[in-house]
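Convention: sequence-line order gives letters A, B, ...; per-chain numbering from 1.
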Amino acid sequence: MSLIELSEQELVRRQALEELQKLGINAYPAEKFEINATTSEILTFYNEESKNYQNVSIAGRVMSRRIMGSASFAELQDEKGRIQLYFNRDSICTGEDKTLYNTVFKRLVDIGDIIGVTGYVFTTKMGEISIHVSDFKMLSKSLRPLPIVKEKDGQLFDAFTDPEQRYRNRSLDLIVNPNVKETFIKRTKVVNTMRNYLNEKGYLEVETPILQPLYGGAAARPFKTHHNALDQTLYMRIANELYLKRLVVGGFDGVYEFSKDFRNEGMDRFHNPEFTQMELYVAYKDYYWMMDLVEEMVEQVALAVNGTTQVQVGDNVIDFKRPWKRYTMYSAIQEFTGIDISQMNEAELRETALKLKVGIDETMGKGKLIDSIFGDTCEAKLIQPTFIMDYPIEMSPLAKKHRTTEGLVERFEAICNSKEICNAFSELNDPIDQRQRFEGQLELGKRGDDEAMVLDEDFLKALEFGMPPTAGLGIGIDRLSMIMTNSASIQDVLFFPQMRAEKKAAKDDNEKYTALGIPAAWVGVIQKAGYNTIEQLKNANPNKLHQEMCGLNKKLKLELPNPKIEEVKVWVENIS
RNA sequence: GAUUCAGUAGCUCAGUAGGUAGAGCACAUCCCUUUUAAGGAUGGGGUCCUGGGUCCGAAUCCCAGCUGGAUCACCA
């Protein structure tokens with residue numbers, strides 16, 4: 001990177017780095033720095049009477065500095081929080097040489113630098129627990145200025161809030177917005193709690209392919225890629241259901257996987273192209289059994305994350321305490337619309353949907369119509385965790401036919417805060433029925449449903465060997481994390497949400513400029529003036545260009561000899 | 001995809017009869033031995049998102065585009 005592309009503040013920091021080097025200080029030392037305390041630990045356990053923490057060694061990032069002559073205060077932020085540091089010139093520089101304080105601390109340490117300090121803990125006159133620094137060491141120099149977020153009585157000042165900047169620059173977001181860290185710690189707690197719960201039950205965590213020759217297990221459009229050596233199309237998985245069931249066939253009676261799945265569909269605050277699901281399959285169980293498991297597991301998650309079954313989400317308090325309300329899909333629609341659709345055929349459903357102003361289209365079969373009616377009339381009203389059971393067979397090609405009711409399958413979803421958080425079935429293990437269902441999907445595909453499933457012969461072959469009756473579950477980790485952390489957007493529970501690529505101005509190589517006779521030192525200047533390509537330079541007014549170059553030379557204090565106007569004209573004319 | 005709002009200094013934001021671009025924090029220089037978002041003084045810092053247009057003159061008005069937010073529709 002050329003120096004002229006840097007802001008003044010970045011230049012100042014690079015100069016400070018050079019000065020440190022001149023003083024013999026390595027701003028990026030290799031050796032470890034011994035730490036024996038954390039900020040939160042000191043703030044919690046320091047006690048003035050017992051005089052503990054009188055020899056602490058702690059490291060972190062300098063977040064603020066207040067310098068007043070030979071005494072200064074700074075704030076140090078480590079992983080756990082912040083603590084105030086007190087620097088006194090004569091404590092840090094016990095001899096005659098006051099360079100460490102006067103030059104290194106006061107002039108060469110910037111906000112954002114990572115330092116290690118040793119000293120003792122005391123309480124200031126203002127009553128704030130602080131570290132009296134006896135020595136400090138530069139551990140990493142920060143070359144970019146940090147947005148300074150200040151906080152007083154819970155009110156934030158100058159907060160770094162622009163979502164685009166925050167998501168594109170998550171490191172910075174985490175440094176200056178401490179509550180962001182909290183959200184991700186909670187997300188990990190969600191996952192760990194589930195994993196512990198499942199391991200305690202003796203289920204086996206497994207891994208299955210992400211690159212798949214056929215995609216399946218869900219209704220979604222996939223990402224497509226290509227393997228060169230095999231010269232074969234591969235898809236990134238949209239679900240791992242079919243592979244996990246093949247493991248159940250193989251004799252694992254309880255298997256689960258936390259899986260990144262990929263769906264090539266729209267993006268908004270509930271959808272990211274890659275997302276995480278936990279899928280679980282347990283042999284010899286059914287969907288009623290699985291409902292009990294979901295209730296118990298999610299209740300434990302809520303307790304682990306927030307210490308209570310009640311979670312504030314937006315304007316609502318959601319209570320995960322068992323048992324949750326249970327509806328069948330038909331009874332839910334009847335409850336919220338007063339209409340019994342359980343006996344309707346496709347034409348009647350279409351008519352009902354139109355009457356209820358439900359969005360439908362020509363490609364929809366009976367199952368999708370019912371799902372649409374349910375989605376539009378019921379979901380918004382389901383805030384507390386609720387199970388919706390018994391879905392139409394047409395939209396659930398992997399679920400087992402209902403044990404008593406024709407046309408339905410044994411499937412449930414848990415809906416919470418109007419969003420699906422899990423989906424589960426008594427898994428279809430009849431290989432002949434499964435083949436027919438896949439064939440039905442192929443029909444839907446021909447009608448234009450681009451999410452219809454494809455027929456997977458390998459999976460069918462496995463089923464033909466015999467799969468025990470099995471209960472299966474998929475639970476959305478991102479959605480669950482959003483609820484558990486009261487996050488309005490999926491981007492807030494993903495460290496690095498997918499973003500559109502930032503557009504960068506195209507620039508020609510330096511050689512193209514020097515080939516015209518332009519001195520290399522001036523190339524950066526010309527580009528800074530806005531002539532990033534030879535094509536742009538071709539149309540430049542030489543007089544204007546000359547003035548801009550001289551102006552930047554002066555402004556940036558480059559002290560280059562200014563070119564003659566004739567030379568500039570020749571450069572521009574040379575472009576053919 | 002539709003609608004709508006927005007893009008000005010490192011950060012948060014002002015900026016209308018179209019007429020030399022502002023504040024606070026951050027940064028620099030100087031003064032100061034304990035400050036609680038902020039000690040005092042002085043100073044530097046801008047492609048006003050990009051490209052066209054109108055105009056003597058555009059951050060401002062018009063058109064197009066880019067990017068993002070919000071709401072809605074579809075997938076988890």
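- Nucleotide C32(B) holds its C1' atom 8 Å from the CE atom of M68(A), rounded to whole Å.
- Shown here for K141(A) and L108(A), the closest heavy-atom pair between the two residues is NZ-O, 2.7 Å.
- In this structure, of G69(B), U33(B), A28(B), it is A28(B) that holds the atom nearest to the side chain of D110(A).
- Contacts of Q84(A) with the nucleic acid, taken as non-hydrogen atoms under 4.0 Å apart, include base atoms.
- The residue R166(A) sits apart from the nucleic acid: no heavy atom pair falls under 4.0 Å.
- Exactly one residue among E274(A), E279(A), E257(A) makes a salt bridge (charged side-chain N to carboxylate O under 4.0 Å, His left out) with R237(A). That residue is E257(A).
- Minimum atom distance to the side chain of Y86(A) is reached by U33(B), of the listed C11(B), U33(B), U29(B).
- Remark: A6(B) base-pairs with U67(B). Criterion, Watson-Crick or G-U wobble with two distances under 3.5 Å.
- Phosphate contact (OP1/OP2 of A28(B), side-chain N/O of Q15(A), threshold under 4.0 Å): absent.
- Residue-to-nucleotide contacts include no donor-acceptor pair under 3.5 Å from the side chain of S72(A) to the base of U35(B).
- Considering only side-chain atoms of A71(A), the nucleotide from U33(B), C74(B), U36(B) that sits closest is U33(B).
- OP1 or OP2 of A38(B) lies within a sub-4.0 Å distance of a side-chain N or O belonging to R66(A).
- For D268(A), the side-chain atoms get nearest to A73(B) when compared with the rest of C27(B), U36(B), A73(B).
- Residue Q9(A) has its side chain nearest to A26(B) when only A26(B), C32(B), U35(B) are considered.
- For the C1' atoms, the distance linking U67(B) with A58(B) amounts to 22 Å, nearest Å.
- Both the sub-6.0 Å distance and the 45° axial angle are satisfied by K419(A) relative to the ring of F270(A).
- The nucleotide G1(B) finds its pairing partner in C72(B), both defining distances of the Watson-Crick or G-U wobble pair being shorter than 3.5 Å.
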- Task: Evaluate the criterion side-chain contact (heavy atoms from CB on, under 4.5 Å) for residue pair F258(A) and I477(A); output intermediate values, then yes/no.
- Result: CA-CA 9 Å; F258(A) 284 91; I477(A) 299 299; 3.8 Å; yes
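- Distance noted for atom P between U60(B) and U50(B): 10 Å (whole Å).
- Rounded to an integer number of Å, the gap from F160(A) CZ to C13(B) P is 12 Å.
- The residue A218(A) sits apart from the nucleic acid: no heavy atom pair falls under 4.0 Å.
- G24(B) and C62(B) have their P atoms separated by 32 Å, given to the nearest Å.
- Taking the P atom of each, A21(B) and G65(B) are spaced 30 Å apart, rounded to whole Å.
- Taking atom C1' on both A59(B) and C48(B), the two are 4 Å apart, rounded to the nearest angstrom.
- Across all strands shown, I111(A) has heavy atoms under 4.0 Å from sugar-phosphate atoms exclusively, and none from any base.
- The listed nucleotides are G10(B), U36(B), U33(B); the one nearest the side chain of P145(A) is G10(B).
- Closest to the T124(A) side chain, of the nucleotides U33(B), U35(B), A28(B), is U35(B).
- R437(A) places a side-chain N or O within 3.5 Å of a backbone atom of A399(A) that can act as its donor or acceptor partner.
- Residue K150(A) places at least one side-chain N or O under 4.0 Å from the OP1 or OP2 atom of A26(B).
- The CD1-C1' distance, from I67(A) to U29(B), rounds to 13 Å in whole Å.
- Taking every side-chain heavy atom of E128(A) into account, U36(B) is the closest of G68(B), U36(B), G69(B).
- Among A26(B), U35(B), C74(B), the nucleotide with an atom closest to any side-chain atom of I148(A) is A26(B).
- A cation-pi geometry, defined here as NZ or CZ lying under 6.0 Å from the six-membered ring centre and within 45° of its normal, does not hold between R411(A) and F425(A).
- Judged by the 6.0 Å distance and 45° axis criteria, R65(A) is positioned over the aromatic ring of F105(A).
- Comparing G45(B), U12(B), G69(B) by their closest approach to the side chain of P163(A) singles out G69(B).
- Residue contacts shown for F87(A) are absent, as no nucleic acid heavy atom lies under 4.0 Å away.
- Looking at heavy-atom distances under 4.0 Å, T161(A) makes contact with sugar-phosphate atoms alone, never a base.
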